[in-house]
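First comes the structure, then the notes that go with it.
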2 protein chains.
Amino acid sequence: MGAEVPTGSLSASQLYAALKRDLIGGRFATGQKLAITALKQHYRVGLSPLREALNRLAAYGLLEQESQRGFRVPALKRTELDDIADLRQRFEGQALEQALEAGGDEWEAGLLAAFHRLKRADEVSGQLDHWEQMHLQFHRHLLEPCGSPWLLRFIEQLHDQFDRYRRMAPANDAVRTMLNDQHGQLVDLAMARDIAAARGLLEEHIRLSYEVAQGACQENRRSGGSNEGESEREGGSVPGA
Amino acid sequence: MGAEVPTGSLSASQLYAALKRDLIGGRFATGQKLAITALKQHYRVGLSPLREALNRLAAYGLLEQESQRGFRVPALKRTELDDIADLRQRFEGQALEQALEAGGDEWEAGLLAAFHRLKRADEVSGQLDHWEQMHLQFHRHLLEPCGSPWLLRFIEQLHDQFDRYRRMAPANDAVRTMLNDQHGQLVDLAMARDIAAARGLLEEHIRLSYEVAQGACQENRRSGGSNEGESEREGGSVPGA
DNA sequence: ATGATATAAAAAATCGATTTTTACTATGGC
DNA sequence: GCCATAGTAAAAATCGATTTTTTATATCAT
């Protein structure tokens, strides 16, 4: 069994984070019903905190809850990915414009730092989860001063949903290099406060990611494990039964 | 104690709905910590389903959860209302345009029916909760064919948040009449597929509602109970302790 | 008299067991 | 031979009690 939970039992928020990470990371078979007993043993927690975490994740949209029939991992649907990508372009484009108008010196400094960490994480292969974390933090920091907490909340939610698709899709090193280059260009345009160009590039960035993510929908690939060819994560997929 | 839960114990989804309704309806003191034991007795449910419902509501944004310190009703903040109203204008404006392009005959029929129910509910005073339900359903139906489930989800979430403010604000019959008139005008413009005018009116509708809702923020009014002068709901506010 | 620490009371979170509901299977009827 | 129904097994949901954490109070030292 996976070694994602090495030490003693987790706190409630740690459990939520671990479950969220594993759901977005594609370690559960999509469309499959979750086996509560197996999860309980895997994460070494009791029933109550587990069910509370699952309820929160269901409200967040990373799980589906059927009345008396437990929890289910939502299937990956092409139409839903289209919806998510489209909204990401609009929401993040809008947020970026506002962020470029509001961001100050401290934000610029933090953006450079976040970009640096992202580059470093990219150089060190076999640290998939760490790169994902830095990548999320970079995009989050980029939009942070936009001034709309609710918009940022929705953007984060869509980003998480989008990543379910992207991380299930087969890797494409050529496109990945392009996407990484765009991060640097985004920093440059943001520092130059070129609002129109920056928004255009961010939308193109999302469009390109969308093309990659589409690979997750094509032949209804089931079973968890987006980590073929990766060596960082020793634990396999979480058993469903 | 309130008679909101007349018969035997509620199912999990009913409990969630009842809590959500009472939170949006302003029956809890804002900023106040929830007393789990009191809630348990009031809704006649056990601890587990109650906690699961509270967790879902916290993920939805109608409650705040502090680590080991229970659940708290979020305070009403002027800046947050501004944020919510601004996003509502943008999201619902966008959704309306798409809905007017996509909605078919069946949708038109349903819209007329929803509007009729809303008018009827308005005529019968002392049915506050029923009017609120019809009002929500009208706005939901108006935007439903927009083609973006995630956008509709966010719109609904913002609408619920907005209503926390609106229902806490003092009533204003003159403005209320204007708002009701706008519903009819919205139907007319929607049927005529006048996209620009309809979007403009919907944004104005939200702006006017926003002016009403601002009344909830002015002097940090605490304590639940937005139903002064209403006789429909016999149960008072839910006790916090 | 004020501040800090220890103690006690209250509340939240978790656990183990029970109850209820669902899904599967086998048997009987058509 | 196929469909329907009853019975059994498995899983989910709920309950009551225990454990842990927090908060308020009182006492002691400075």
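Since this is a predicted model, take the numbers as computed values, not measurements.
- Here the side chain of A/Ser48 is nearest to one of D/dT14, D/dA12, C/dC15, namely C/dC15.
- Straight-line distance from the CG atom of B/Leu50 to the P atom of C/dA13: 11 Å, rounded to whole Å.
- Although no hydrogens or angles enter the test, the distance criterion places no donor-acceptor pair under 3.5 Å between the side chain of B/Gln32 and the main chain of B/Val73.
- By the 4.0 Å N-to-carboxylate-O rule, A/Arg21 lies too far from A/Asp163 to be salt-bridged with it.
- Residue A/Asn55 contributes atom CG, which lies 13 Å from atom C1' of D/dT14 at whole-angstrom precision.
- Taking only side-chain atoms of B/Leu47, from C-beta outward, the nucleotide of D/dT14, D/dT22, D/dA17 with the closest atom is D/dA17.
- Contact annotation: A/Arg69 does not reach the phosphate of D/dA12 (side-chain N/O to OP1 or OP2, under 4.0 Å).
- Among D/dT22, C/dT21, C/dT14, the nucleotide with an atom closest to any side-chain atom of B/Arg51 is C/dT14.
- The separation between B/Glu66 atom CD and D/dT22 atom P is 12 Å, rounded to whole Å.
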**OP:** Test ring pair (Phe, Tyr, Trp, His ring centres under 6.0 Å) on A/Tyr43 and A/Tyr16 and set out the steps.
**Re:** CA-CA 10 Å; A/Tyr43 292 99; A/Tyr16 176 83; over 10 Å; no

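- One can place CG of A/Leu54 at 14 Å from C1' of D/dA11, the figure rounded to the nearest angstrom.
- Set against C/dA12, D/dA12, C/dA13, the side chain of B/Lys33 has C/dA12 as its closest nucleotide.
- Atom OH in B/Tyr43 sits roughly 16 Å away from atom P in D/dT14 (whole-Å rounding).
- Inter-residue side-chain proximity for A/Phe71 and A/Leu57 is flagged as unmet; no heavy-atom pair is nearer than 4.5 Å.
- Picking from C/dT22, C/dA13, D/dC15 the nucleotide with the shortest atom distance to the side chain of A/Gln68 gives C/dT22.
- The pair A/Arg90-A/Asp86 counts as a salt bridge, with a side-chain nitrogen and a carboxylate oxygen less than 4.0 angstrom apart.
- The interatomic distance linking A/Leu15 (CG) with C/dT14 (C1') rounds to 12 Å, in whole Å.
- When each of D/dA12, C/dT14, C/dA12 is scored by its nearest atom to the side-chain atoms of A/Ile36, the top-ranked nucleotide is D/dA12.
- For B/Pro49, the listed nucleotide lying nearest its side chain is D/dT14; candidates were C/dT21, D/dT23, D/dT14.
- The CD-C1' distance, from B/Glu52 to C/dA12, rounds to 16 Å in whole Å.
- A straight line from NZ of A/Lys40 to C1' of D/dA11 spans 12 Å, rounded to a whole angstrom.
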